[in-house]
Number of protein chains: 2
Amino acid sequence: MPTDIPTDLDDEIAVLLRRAEQRYTTGRRRLVAALHNGEGPLTLGQIMAAEPTLPQSSVYRNLTILEEVGIVTRIVTNGDFARYELAENLTEHHHHLICTNCGDVADFSLSGRVESTLDRALAESARTAGFTPTAHRLDLLGTCADCG
Amino acid sequence: MPTDIPTDLDDEIAVLLRRAEQRYTTGRRRLVAALHNGEGPLTLGQIMAAEPTLPQSSVYRNLTILEEVGIVTRIVTNGDFARYELAENLTEHHHHLICTNCGDVADFSLSGRVESTLDRALAESARTAGFTPTAHRLDLLGTCADCG
DNA sequence: ACCAATAATGAGAATCATTTCCAAAAGTCC
DNA sequence: GGACTTTTGGAAATGATTCTCATTATTGGT
Ligand SMILES: [Zn+2]
Ligand SMILES: [Zn+2]
Ligand SMILES: [Zn+2]
Ligand SMILES: [Zn+2]
């Protein structure tokens with residue numbers, strides 16, 4: 001399963017890169033494929049396990065570039081190392097289940113009703129603090145099914 | 001303003017440390033005071049600015065120990081460096097306004113009603129994923145008043 | 001297809017927040 | 001005080017991430 005990206009996602013990414021005067025090279029496409037195939041945000045180790053022939057320095061460099069362009073989001077859950085996933089523009093708004101035992105991270109979503117309630121409350125809190133919000137980030141901490 | 005901790009907080013911390021067979025030394029008390037006096041979670045630099053005579057290695061070591069004992073929470077908002085605050089056991093449940101421009105972090109709270117709605121929804125999501133939740137973490141990302 | 005001109009690659013070296021070492025200092029208990 | 005255990009602090013080590021730079025790939029014009 002080398003390059004397994006839906007055509008429309010691939011096109012969207014191509015547009016974003018071209019707009020930023022960046023090229024959509026094979027290495028970057030393989031990186032995007034690894035992130036797309038992964039369940040939840042991936043560590044560098046997990047990316048390299050999926051694409052072992054991609055050099056580490058290129059993966060790091062391209063993750064940084066893809067993040068600047070708005071294709072990738074970098075996540076730091078706990079000190080050890082960062083995780084990367086496709087940006088919400090390209091996927092869907094979601095949150096993370098973080099296992100405090102094994103460190104694994106999985107995605108989950110809330111209903112539109114709860115998200116609305118939350119957004120309203122957050123907007124109000126922001127207003128009283130003179131803060132201009134652009135996004136929220138919500139994680140659930142606990143123990144995953146495997147570590148049960 | 002060297003050692004400015006409310007007596008009951010100080011006592012609570014003393015109990016937690018004794019329970020863990022750790023001593024409540026002067027250095028640890030000064031560290032706790034710096035965290036208590038700070039508005040929002042502090043970086044190591046901010047802690048050292050508040051207590052310049054505390055050696056860096058001792059601050060790091062004691063932050064780790066205080067975190068293990070449940071007195072301090074370590075927060076990583078974005079790759080650069082970690083921030084530390086007193087654990088919610090010793091303060092109150094709250095969330096963070098994170099300025100994506102200057103990196104500053106401030107506290108805020110939601111109403112009990114919103115927190116309940118959220119907790120119910122999160123519990124439901126956790127259940128369907130076989131995940132055992134212990135806490136949630138919610139940040140609002142955007143631009144702070146200073147960066148307006 | 002060929003040729004510049006420009007951008008991306010990859011292997012290793014450098015960075016820097018954080019951790020670890022270990023001999024000296026401080027606290028504890030009798 | 002003396003023996004024992006924990007903590008301290010300065011310096012060295014660690015390790016994820018970033019930077020360097022010579023080589024390679026890609027683009028656009030001819
Ligand atoms: Zn787990
Ligand atoms: Zn949400
Ligand atoms: Zn700001
Ligand atoms: Zn909450």
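Note that the structure is a prediction, hence the values are computed from the model and not measured. Just so it is clear, the values below take in all heavy atoms, side chains as well, and ignore hydrogens, waters and symmetry mates. Note on naming: letters A, B, ... go to the chains in the order of the sequence lines (proteins, then strands), and numbering restarts at 1 for each one.
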With sequence neighbours left out, the residues meeting ring pair (Phe, Tyr, Trp, His ring centres under 6.0 Å) with B/H94 are B/H96
| said: Over all strands shown, is B/E21 touching base, sugar-phosphate only, or nothing at heavy-atom distances under 4.0 angstrom? | reply: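 No contact.
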Chain B vs DNA chain D, heavy-atom contacts under 4.0 Å, first-to-last nucleotide span, 5' to 3', is D/dT5 to D/dA11
Residues 106-120 of chain A vs salt bridge (Lys or Arg N to Asp or Glu O under 4.0 Å), sequence neighbours excluded, gives none
Checklist entry - Which class fits the ring pair A/H95 and A/F108: parallel under 30°, tilted 30 to 60°, perpendicular over 60°? => result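 Tilted.
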Those residues that, when tested against [X], pass side chain to side chain contact (heavy atoms under 4.5 Å, CB included) (two or more places apart):
X      : value
A/D104 : A/Q46, A/C102
A/A49  : none
B/H36  : B/P6, B/L9, B/L86

Protein heavy-atom contacts under 4.0 Å, written 5' to 3' over nucleotides 18-30 of chain C as B (base), S (sugar-phosphate only) or - (none), form the string BBB------SS--
- Excluding sequence neighbours, so at least two apart, what forms side-chain hydrogen bond (donor to acceptor under 3.5 Å, both in side chains) with A/T53?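 Partners of A/T53 by the side-chain hydrogen bond (donor to acceptor under 3.5 Å, both in side chains) criterion, ordered by chain and then number, come out as A/R30.
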Of all residues at least two apart in sequence or in a different chain, which pass the side-chain hydrogen bond (donor to acceptor under 3.5 Å, both in side chains) check with B/Y60?
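Partners of B/Y60 by the side-chain hydrogen bond (donor to acceptor under 3.5 Å, both in side chains) criterion come out as none, since no residue qualifies.
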Checking B/R18 against B/Y24: charged group under 6.0 Å from the ring centre and within 45 degrees of the axis? no
Atom CD of A/E68 and atom C1' of C/dA7 are separated, to the nearest Å, by 15 Å
Using atom CE of B/M48 as one end and atom P of C/dA17 as the other, report the distance to the nearest whole Å.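 Taking atom P of C/dA17 as the reference, CE of B/M48 is at 12 Å.
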Across all chains, not counting sequence neighbours, the salt bridge (charged side-chain N to carboxylate O under 4.0 Å, His left out) partners of B/R127 are B/E124
- Output every pair passing side chain to side chain donor-acceptor pair (under 3.5 Å) with a member in residues 137-147 of chain B, not counting sequence neighbours, ordered by first then second residue.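 Sorted pair list: A/R137-B/D139, A/D139-B/R137.
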Do the side-chain N or O atoms of A/Q22 get closer than 4.0 angstrom to the phosphate oxygens (OP1, OP2) of C/dA8?
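Yes, within the criterion.
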Does A/N62 have a side-chain nitrogen or oxygen under 4.0 Å from the phosphate oxygens OP1 or OP2 of C/dT9?
->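 A/N62 to C/dT9 OP1/OP2: side-chain N or O found under 4.0 Å.
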Overall bend of the helix from C/dA1-D/dT30 to C/dC30-D/dG1 (five pairs an end, 10° steps) is 40°
